Amino acid sequence: ENSKMGNVYDYLFEEECYDQGIKYILGVDGVGLGALFGAIHVAGVLLPVDIKLRGVYDSKQMSEKQREEAVDLINKEAKSVFLSILSVGDYNQHGPRKCEELGAEDVINRVFNSFREKPLDPTQVKIVVDGNHSTSSLNIGMKTFISMPKADSKVLAVGAASVIAK
């Protein structure tokens with residue numbers, strides 16, 4: 001029913017990851033990038049690579065009611081969901097880009113640390129961060145990530161993160 005608005009993923013990225021043996025996609029997105037908005041929220045959502053969630057899309061394209069319903073679905077279906085909140089003080093001290101990167105580092109590390117009993121194999125997780133960040137900009141140990149502009153409208157896990165962050 002959302003297809004007339006174009007709010008549907010083509011899942012091409014997910015299929016490519018699946019073909020590479022990736023089991024999960026960890027999507028990372030931030031909202032409120034500006035002191036005007038107060039705090040900056042950065043979310044990380046870990047989804048199985050082969051999941052399809054109807055009604056989840058880039059949060060900017062969704063009504064508040066759609067986002068509320070999507071949050072329930074994401075919390076039910078995701079393997080892990082974390083939110084990092086940076087204050088206006090953080091924003092004033094570090095600036096918007098660094099705040100988004102600190103938030104991204106935080107949620108990525110928390111997602112991986114949440115699997116203590118059966119640790120996630122980083123080679124089976126594709127980390128996708130919305131935006132345009134250099135690969136050396138995040139302090140996440142040996143894990144690698146890709147930065148993708150407008151990923152929230154291209155990759156389900158990043159769209160889910162945009163919904164949680166909002």
Side-chain angles (χ1 to χ4, degrees), residues 1-20 22-71 73-75 77-86 91 94-108 111 125-140 143-166:
E1 60 265 22
N2 333 7
S3 55
K4 63 179 178 289
M5 301 188 312
N7 295 357
V8 180
Y9 290 100
D10 60 17
Y11 296 103
L12 293 175
F13 181 83
E14 288 82 356
E15 286 167 19
E16 198 179 295
C17 289
Y18 183 85
D19 290 344
Q20 295 166 4
I22 300 288
K23 288 205 165 52
Y24 300 103
I25 298 175
L26 171 51
V28 180
D29 194 19
V31 298
L33 297 179
L36 301 171
F37 300 103
I40 292 176
H41 295 189
V42 181
V45 175
L46 184 74
L47 290 176
V49 71
D50 56 356
I51 197 169
K52 292 178 168 52
L53 297 180
R54 288 185 67 78
V56 176
Y57 196 64
D58 170 5
S59 64
K60 294 185 290 294
Q61 313 284 330
M62 298 171 70
S63 69
E64 192 170 341
K65 183 180 187 300
Q66 287 173 320
R67 282 196 305 268
E68 285 169 10
E69 290 169 2
V71 165
L73 182 62
I74 293 161
N75 282 325
E77 299 292 343
K79 292 288 178 195
S80 188
V81 177
F82 282 99
L83 181 65
S84 184
I85 300 176
L86 292 102
Y91 179 92
H94 300 292
R97 188 175 193 77
K98 186 66 182 162
C99 275
E100 195 176 6
E101 290 168 352
L102 289 169
E105 273 174 27
D106 181 50
V107 294
I108 291 167
V111 164
V125 180
K126 179 75 84 173
I127 304 170
V128 184
V129 180
D130 186 66
N132 198 359
H133 303 276
S134 73
T135 46
S136 59
S137 61
L138 300 189
N139 181 13
I140 53 174
K143 299 177 284 295
T144 57
F145 73 95
I146 62 166
S147 182
M148 184 189 295
K150 302 200 182 331
D152 47 5
S153 61
K154 298 175 190 166
V155 179
L156 174 64
V158 182
S162 80
V163 169
I164 296 295
K166 212 168 200 86

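Computed from a prediction, not measured in an experiment: that's the story for all the values here.
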Test item: R67 side-chain N/O and V163 main-chain N/O as donor-acceptor pair under 3.5 Å: no

When you measure from the side chain of D106 to the backbone N and O of L102, does any donor-acceptor pair fall under 3.5 Å? no

Side-chain donor-acceptor pair present, S162, D152, cut-off under 3.5 Å: no

Walk me through whether V42 and I40 qualify under side chain to side chain contact (heavy atoms under 4.5 Å, CB included). CA-CA 7 Å; V42 181; I40 292 176; 4.1 Å; yes

Would you compute the distance between atom OH of Y24 and atom CG of D50 and round it to the nearest 0.5 angstrom? 9.5 Å

Please report the shortest heavy-atom distance between V81 and A78, naming the atom on each side. CG2-CB, 3.5 Å

Measure across E100 and G30 and return the closest heavy-atom pair with its distance rounded to 0.1 Å. OE2-N, 4.0 Å

Could you tell me which non-hydrogen atom of E105 sits nearest to which non-hydrogen atom of S137, and how far apart they are? OE2-O, 3.8 Å

Backbone N/O of V155 and side chain of E14: donor-acceptor pair under 3.5 Å: no

Is there a side chain to side chain contact (heavy atoms under 4.5 Å, CB included) between L53 and L156? Walk through the geometry before answering. CA-CA 8 Å; L53 297 180; L156 174 64; 4.1 Å; yes

OG-CG distance between S153 and D10, expressed to the nearest 0.5 angstrom: 10.0 Å

Does K166 have more than 12 heavy atoms from other residues, nucleotides or ligands lying within 6.0 Å of its NZ? yes

With rounding to the nearest 0.5 Å, note down the distance linking NZ in K98 to CG in L86. 11.0 Å

Verify side chain to side chain contact (heavy atoms under 4.5 Å, CB included) between I127 and I108, making sure each step is shown before the conclusion. CA-CA 8 Å; I127 304 170; I108 291 167; 3.7 Å; yes

Y18 atom OH, neighbour heavy-atom count above 12 within 6.0 Å: no

Under the side-chain contact (heavy atoms from CB on, under 4.5 Å) test against V129, which residue among I140, L138, I146 passes? L138

Take F82 and L46, measure what side chain to side chain contact (heavy atoms under 4.5 Å, CB included) needs, and give me the verdict at the end. CA-CA 9 Å; F82 282 99; L46 184 74; over 6 Å; no

So does P149 get a backbone contact from the side chain of N132, meaning a donor-acceptor N/O pair under 3.5 Å? no

Drop me the distance from I74's CD1 to I164's CD1, to the nearest 0.5 angstrom. 4.5 Å

side-chain hydrogen bond (donor to acceptor under 3.5 Å, both in side chains) with E69: which residues, sequence neighbours excluded? K65

Reported CZ-to-NE2 distance for the pair F145 and H133, which is rounded to 0.5 angstrom: 7.0 Å

Calculate, to the nearest 0.5 Å, the distance between atoms CG and CG belonging to L73 and N75 respectively. 9.0 Å

Who pairs with E77 by salt bridge (charged side-chain N to carboxylate O under 4.0 Å, His left out), at least two apart in sequence or on another chain? none

For V31 and A165, work out which heavy atoms get closest and say how close. CG2-O, 3.2 Å

